[in-house]
K.L.:
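Once you've had a glance at the structure underneath, I'll fire off some questions.
Indexing begins at 1, ligand by ligand and atom by atom, following the structure's order.
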Amino acid sequence: MNREVLFSREEIDRRVRELADEISRDYAGGELIVVGILKGAFIFMADLIRALNVPCKVDFTQLASYGSGTVSSGDVVISKDIGLSIADRDVLIVEDIVDTGLTLSFLVETLKKRGPRSLKVCVFLDKKARRKVPFTADYTGFDIDDGFVVGYGLDFDEQGRSLPDVCIMKE
Ligand code: XMP
Ligand code: MG
């Protein structure tokens, strides 16, 4: 499959800094626990936290969704949990992309039960037209149309995560 650049590394860098500035303003004087969703969010999270002006602790979680083939059944489970306690803490979940909304709505509901002081979500990409359940991120890098994207942490069958640009897959 071929691919075409959708967002260049320069555009990504600019947008990530804008997001970090906005988050730093919102949490000024505080401290964050940033929870990245493996694996796709690792590069975005690394860039985002280094551009933040608030101290943060980091942790990671990994989720698995079951279903046949490419159709998700909506059953999401935690395959790797975070190790930090989030009770009474300001928590920011960082995800690569929101598609149907199933993964993030499950994770938000799960982490809310642990009593964080606040819980917000920052996504790098948002495919709004694809939602199966209502979900709105607090911070969004870019809205995109349907289509499969790779690069900047995102993969196609584990390929392409290390590409510095975000590319859209073409037939
Ligand atoms: P939801 O639950 O919102 O799932 O449907 C979000 C997860 O779906 C994956 N995803 C993608 N991964 N390029 C990718 O590399 C894409 O275009 C794409 N669309 C969805 C991704 O794992 C995300 O965490
Ligand atoms: Mg992912």
K.L.:
Of the options Leu125, Asp96, Asp155, which is the one that meets Val149 in a side chain to side chain contact (heavy atoms under 4.5 Å, CB included)?
P.N.:
Leu125

K.L.:
Could you tell me whether Lys112 and Glu109 have a side-chain N and a carboxylate O separated by less than 4.0 Å?
P.N.:
yes

K.L.:
Run through Val94, Leu107, Val123, Val121 and flag the one making a side chain to side chain contact (heavy atoms under 4.5 Å, CB included) with Ile37.
P.N.:
Leu107

K.L.:
Select the closest option to atom 4 (O) of ligand 1 among Leu102, Thr103, Leu154, judged by heavy-atom distance.
P.N.:
Thr103

K.L.:
Residue-level breakdown please: for Glu95 versus ligand 1, do any non-hydrogen atoms fall below 4.0 Å on the side chain, on the backbone, on both, or on neither?
P.N.:
side chain

K.L.:
Quick one: ring pair (Phe, Tyr, Trp, His ring centres under 6.0 Å) pairs with a partner in residues 20-46, sequence neighbours left out?
P.N.:
Phe44-Phe124

K.L.:
Is there any N or O on Gly101 that sits under 3.5 Å from an N or O of ligand 1?
P.N.:
yes

K.L.:
Flag Phe156 as yes when one of its N or O atoms lies below 3.5 Å from any N or O atom of ligand 1, and as no otherwise.
P.N.:
no

K.L.:
Look at ligand 1 and say whether Asp96 reaches it with a heavy atom at a distance under 4.0 Å.
P.N.:
yes

K.L.:
Taking the side chain as every heavy atom from C-beta outward, state whether Leu163 and Arg9 have any pair of such atoms under 4.5 Å apart.
P.N.:
no

K.L.:
Among residues at least two apart in sequence or on other chains, which ones pass side chain to side chain donor-acceptor pair (under 3.5 Å) with Glu18?
P.N.:
Arg15

K.L.:
Run the contact test for Lys127 against ligand 1 with a 4.0 Å cut-off on heavy atoms, strictly below, and give the result.
P.N.:
yes

K.L.:
Tell me whether ligand 1 is touched by Gly147 - counting only heavy atoms on the residue side and a distance under 4.0 Å.
P.N.:
yes

